[in-house]
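This report concerns only the one structure given below.
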Amino acid sequence: MIYKVGMADAKVARDGDSLRTLGLGSCVGVTLYDELTKIGGMAHIMLPTSNTDKEVNLAKFANTGVPLLLNMMLELGAAKARIKAKMAGGAQMFANAHGLEVIRVGPRNIEAVQEALGKLNIPIVASAVGGNYGRTIELDCQTGKLGIRTAQFGESVI
Amino acid sequence: MTVADHYHLGDDAADVLREVGNIGAGHAATALSKLLHQSVEMQVPQVELIPFDEIADVVGGPESIVACVYLKVTGDLTGNMFLIQSLDSAKQLTGQILPDKMPVEVLDELELSALGEMGNILTASYLTSLTDFTKLKMYPSIPYISIDMAQAILTVGLLSDAPLGDYALVIHTTIHIISAMERAHIFLLPDPGEELVLLHALGVASE
């Protein structure tokens, strides 16, 4: 079964299932995978950090979404020492728009996800980030492979 | 958690915002009609609170390939304007603007520039009429263009950490040249909370 991960959403799944999120632009799709138990997780991160004390959707931000995803993995039975991460997205969709703050959110998302993974000592084994095009990603929990589909540059697997 | 927990848009407010869309898009359609000497049809605007995940459905789904002109709006009211259409529609539109040019498979630099200028003109007409109406100053950025997956593009208008439950207020309508173009969507997405600025300016202060 393929589970859909929405924007600002996080989900985990087991062997035989896949996790998919559509149309990543400046957002970053981060996936965690435990090779032995074949438990996988995916979060669709929209922004680098949460700047408010109010109740927010944890999955929306890199600094809260990555720890959330890790906890969801552990609850399902994954072991932290085996978990490896992959990430994709973080594009600047409007190539000519360097001056615009909202446009730079892609690179900032990439950095924030890397930082959040670093803090948790989770290694990043593959990534397909940056550029100025959208990506749809799918994590196969049987293999841990991350399929990436783009509009302009076809498909690839990392 | 429901939308109502975070945010409430009353009927009066929705009516006023629909009228905002009506005036703005009406002027944009008139500008397009004058420019091309063609009849332009406009749909009645809709005002909706749409979950982030469903916004792209309005233009054919998250992965549908669209041609988008985006302008960031600053001033008394901050927000985002999008002119979004299918690639075919964009080709038809640029074909109208550049009648002597041979059509190409992929939009080239000249056509992209024409498309951007079209976004510029439509957005400027839209916002100018709103400024006349509300006395709020609004300044569009230069037009930014992207042809890619709809959701990947629209995300740029949703980047706020305001705790709104991940819903966006969307004022949208479609316009098209009757003889020669598919529907093009015009979206105004006020930044979260900014619709209150609009409502105050129009005398519909909601609690």
Side-chain angles (χ1 to χ4, degrees), chain A residues 4-9 20-29 44-64 88-106 108-109 131-137 149-153, chain B residues 1 5-6 50-57 59-74 78-80 82 87 106 109 112-113 116 119 140-168 189 191-192:
Chain A
K4 191 191 161 200
V5 180
M7 299 179 84
D9 185 16
R20 178 194 285 168
T21 196
L22 304 174
L24 289 166
S26 59
C27 298
V28 168
H44 184 134
I45 305 289
M46 289 186 75
L47 289 165
T49 50
S50 164
N51 294 319
T52 166
D53 297 334
K54 291 179 189 157
E55 186 190 338
V56 291
N57 176 1
L58 296 179
K60 189 171 182 177
F61 305 93
N63 68 330
T64 52
Q92 299 196 55
M93 294 306 294
F94 300 89
N96 59 338
H98 297 298
L100 216 54
E101 176 66 19
V102 285
I103 306 291
R104 286 199 300 268
V105 74
R108 286 170 47 221
N109 277 339
N132 57 5
Y133 50 90
R135 298 171 172 94
T136 283
I137 60 170
R149 188 159 69 223
T150 69
Q152 306 169 38
F153 303 104
Chain B
M1 210 180 294
D5 293 339
H6 291 276
I50 307 181
F52 285 179
D53 272 320
E54 293 171 19
I55 282 184
D57 292 344
V59 293
E63 290 190 287
S64 66
I65 306 304
V66 295
C68 171
V69 185
Y70 167 68
L71 298 98
K72 179 79 193 161
V73 181
T74 52
T78 62
N80 311 273
F82 294 92
L87 206 46
V106 183
E109 202 170 327
L112 288 174
S113 171
S141 68
I142 59 166
Y144 300 107
I145 301 171
S146 181
I147 297 172
D148 211 298
M149 297 176 183
Q151 181 159 293
I153 293 174
L154 281 165
T155 305
V156 77
L158 310 176
L159 300 174
S160 156
D161 58 1
L164 277 188
D166 299 338
Y167 285 76
L189 269 76
D191 285 342

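First the proteins, then the strands, lettered A, B, ... as listed; each starts at 1.
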Backbone of Leu58(A) reached by a side-chain donor or acceptor of Thr64(A) within 3.5 Å
yes
Please classify the contact of Asn132(A) with chain B as side chain, backbone, both or neither, using a heavy-atom distance under 4.5 Å.
backbone
Partner chain B: residue of Gly134(A), Gly25(A), Gly89(A), Gly6(A) with the largest heavy-atom pair count (under 4.5 Å)
Gly134(A)
Proximity breakdown for Ile65(B) and chain A, heavy-atom pairs closer than 4.5 Å:
side chain
Ignoring hydrogens and geometry, is there a side-chain-to-backbone donor-acceptor pair from Ser26(A) to Met93(A) under 3.5 Å?
no
Look only at the side chain of Thr150(A) and the backbone of Arg135(A), and say whether a donor-acceptor pair between them is shorter than 3.5 Å.
no
Are the aromatic rings of Tyr133(A) and Phe153(A) close, with centres under 6.0 Å apart?
yes
Any side-chain heavy-atom pair of Met7(A) and Gln151(B) under 4.5 Å
yes
Most contact-rich option vs chain B, by heavy-atom pairs under 4.5 angstrom, among Cys27(A), Ala8(A), Ala151(A), is Ala151(A)
Below 4.5 Å from any heavy atom of chain A, which atoms of Leu154(B) appear? Answer side chain, backbone, both or neither.
neither
Engaged part of Leu24(A) at the chain B interface, taking heavy atoms whose separation is under 4.5 Å:
backbone
